[in-house]
Asker: 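One structure, pasted below without further comment.
What you are looking at is a predicted structure, and each value in this text was computed from that prediction instead of being measured. The chain is numbered in sequence order, starting from 1.
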Amino acid sequence: FHEKFPQAQPDSVASFVGAPKQVALKDGAFTNAALSFANKCGISESELKFKEIDGKEVLYYEKEVKGEPVAKIMGDMVEEFLKSLSFGKSMRWGNGEFEFIRPIRSFLCLLGDEVIKFNKFGVESSNSTYPHRSISYDKIKISNIKEYFEGSKSRGVVLEAGEREKIILDEFEKISQKSGLKIEIDKDLLAEVVAITEYPT
């Protein structure tokens, strides 16, 4: 992640709305509904208060919620993101139940130059990644985001889809000029090749 990436979630305010006053208060005493609300909010009975909302007095509690540090929640964010992706075909591997387009081999996770540690799908995050298999099968250590992006081509991976498409179209143009033939572009096929080819030639 970039050095300017937030170090934590922003602080926020959580609001809790409970039962109407006539349900929460009977004969000057708080009912089970009110006590249950207090328990849910993590407050004592003496802290219970009412607020008028839409013309009706109801139990109401508001508290500030401190944002969690990114380092603490990053693993869950990665897991949620990966589970949100869908593919035409997926696979399971080992004893796992998680389905993905390919087995997950590594997580490179840095915040600035700090390694964010987590374990998801049986894989421990680190400051290492793999080059394209045509170059090597050995892991490579990455110190920061600049090193990751600037060194990707030398590792056999063009990261940006727009750049991969430009490489293909520029090659088509060279072939056309050399052969005198016009290449008809199949946009769907081009998009597919851009998506599945790490370093098109």
Side-chain angles (χ1 to χ4, degrees), residues 1-14 42 63-172 187-201:
F1 283 99
H2 195 275
E3 287 81 354
K4 292 181 180 177
F5 192 84
Q7 301 292 308
Q9 294 173 307
D11 295 342
S12 60
V13 175
K63 70 175 178 180
E64 185 179 0
V65 179
K66 283 285 185 189
E68 293 276 17
V70 168
K72 184 177 178 182
I73 61 174
M74 182 56 66
D76 291 338
M77 290 171 66
V78 168
E79 180 179 13
E80 188 175 329
F81 171 69
L82 292 180
K83 286 182 174 178
S84 75
L85 300 175
S86 60
F87 307 93
K89 291 182 180 178
S90 293
M91 62 172 71
R92 290 195 300 270
W93 59 94
N95 296 320
E97 292 299 313
F98 176 61
E99 293 186 1
F100 202 59
I101 189 73
R102 291 288 185 272
I104 295 173
R105 301 172 65 203
S106 70
F107 291 113
L108 165 64
C109 194
L110 299 173
L111 183 61
D113 56 3
E114 177 192 358
V115 181
I116 306 300
K117 301 297 286 184
F118 59 83
N119 187 304
K120 295 293 177 181
F121 314 113
V123 178
E124 189 82 26
S125 65
S126 71
N127 60 344
S128 300
T129 189
Y130 288 96
H132 191 281
R133 61 189 176 278
S134 65
I135 291 176
S136 171
Y137 287 94
D138 297 327
K139 275 189 171 184
I140 297 172
K141 284 193 174 179
I142 303 294
S143 300
N144 53 60
I145 188 132
K146 184 177 179 186
E147 187 179 304
Y148 175 71
F149 279 102
E150 290 186 355
S152 67
K153 280 187 183 176
S154 66
R155 296 189 292 270
V157 178
V158 178
L159 290 169
E160 297 293 333
E163 189 178 351
R164 293 197 296 269
E165 181 176 293
K166 185 177 184 306
I167 289 170
I168 293 169
L169 294 176
D170 286 349
E171 289 291 321
F172 280 180
K187 289 185 178 179
D188 289 340
L189 180 58
L190 176 62
E192 183 179 342
V193 172
V194 164
I196 64 174
T197 311
E198 297 93 336
Y199 201 115
T201 57

Asker: Does a sphere of radius 6.0 Å around OH in Tyr137 hold more than 12 heavy atoms from other residues, nucleotides or ligands, not counting ones at 6.0 Å or beyond?
Answerer: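 No, OH of Tyr137 has 12 or fewer neighbouring heavy atoms, counting only those of other groups under 6.0 Å.
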
Asker: Any side-chain heavy atom of Arg155 within less than 4.5 Å of one from Glu198?
Answerer: no

Asker: Output all residues satisfying side-chain hydrogen bond (donor to acceptor under 3.5 Å, both in side chains) with Asn95, sequence neighbours left out; order by chain, then residue number.
Answerer: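 If we apply the side-chain hydrogen bond (donor to acceptor under 3.5 Å, both in side chains) test to Asn95, skipping adjacent residues, there are no hits.
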
Asker: Can a donor-acceptor pair be found, under 3.5 Å and without considering hydrogens, that links the side chain of Arg164 to the backbone of Val158?
Answerer: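 It does hold such a pair.
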
Asker: Which residues pass the side-chain hydrogen bond (donor to acceptor under 3.5 Å, both in side chains) test with Glu114, sequence neighbours left out?
Answerer: none

Asker: Rounded to the nearest 0.5 Å, how far does NZ of Lys117 lie from CG of Asn127?
Answerer: 7.5 Å

Asker: Just wondering, do Asp76 and Lys120 contact through their side chains at under 4.5 Å, heavy atoms?
Answerer: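 Counting from C-beta outward, Lys120 and Asp76 do come under 4.5 Å.
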
Asker: Other residues, nucleotides and ligands only: do more than 12 of their heavy atoms fall within 6.0 Å of CD on Glu124?
Answerer: yes

Asker: Can you name the closest pair of heavy atoms from Leu110 and Ile116 and give their distance?
Answerer: C-CG1, 4.4 Å

Asker: Measure the spacing between CD of Glu150 and CG of Asn144 and express it to the nearest 0.5 Å.
Answerer: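 It is 8.5 Å, given to the nearest 0.5 Å.
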
Asker: Restricting to non-hydrogen atoms, name the atom on Thr129 and the atom on Ser106 that form the minimum distance, rounded to 0.1 Å.
Answerer: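 Scanning both residues completely, I find the closest heavy atoms to be CA-OG, 4.5 Å.
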
Asker: Residues in side-chain hydrogen bond (donor to acceptor under 3.5 Å, both in side chains) with Ser86, at least two apart?
Answerer: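 Checked Ser86 against side-chain hydrogen bond (donor to acceptor under 3.5 Å, both in side chains); zero matches.
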
Asker: Nearest 0.5 Å, please: how far is CD1 in Ile145 from CG in Leu108?
Answerer: 8.5 Å

Asker: Nearest heavy-atom pair of Arg105 and Tyr130: which atoms, and what distance?
Answerer: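 Closest approach of Arg105 to Tyr130: NH2-CE2, 3.5 Å.
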
Asker: Got a second to check how far Arg102's CZ is from Phe100's CZ, nearest 0.5 Å?
Answerer: 10.5 Å

Asker: Taking all non-hydrogen atoms of both residues, which atom of Phe107 and which atom of Val78 are closest, and how far apart?
Answerer: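 Result for this residue pair: CE2-CG1, 3.7 Å.
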
Asker: Going through the distances and angles, do Ile168 and Thr197 end up as a side chain to side chain contact (heavy atoms under 4.5 Å, CB included)?
Answerer: CA-CA 10 Å; Ile168 293 169; Thr197 311; over 6 Å; no

Asker: Using the test salt bridge (Lys or Arg N to Asp or Glu O under 4.0 Å), find all partners of Asp11 that sit at least two apart in sequence or belong to another chain.
Answerer: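 If we apply the salt bridge (Lys or Arg N to Asp or Glu O under 4.0 Å) test to Asp11, skipping adjacent residues, the hits are Lys66.
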
Asker: Excluding sequence neighbours, so at least two apart, what forms salt bridge (Lys or Arg N to Asp or Glu O under 4.0 Å) with Asp170?
Answerer: Lys166

Asker: Once you round to the nearest 0.5 Å, how far does CD of Glu171 lie from OG1 of Thr201?
Answerer: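 So the CD of Glu171 and the OG1 of Thr201 are separated by 7.5 Å.
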
Asker: How far does OG of Ser152 sit from OH of Tyr199, to the nearest 0.5 angstrom?
Answerer: 9.0 Å

Asker: Which atom names give the shortest non-hydrogen contact between Ile142 and Glu147, and what distance separates them?
Answerer: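 Here Ile142 and Glu147 meet closest at CA-OE2, 3.4 Å.
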
Asker: Keeping to residues at least two apart or across chains, list the ring-ring contact (aromatic ring centres under 6.0 Å, His included) pairs with something in residues 141-171.
Answerer: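 For residues 141-171, and leaving out neighbouring residues, there are no ring-ring contact (aromatic ring centres under 6.0 Å, His included) pairs at all.
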
Asker: How close do Phe118 and Met74 get, counting heavy atoms only, and between which atoms?
Answerer: CE2-CG, 4.2 Å

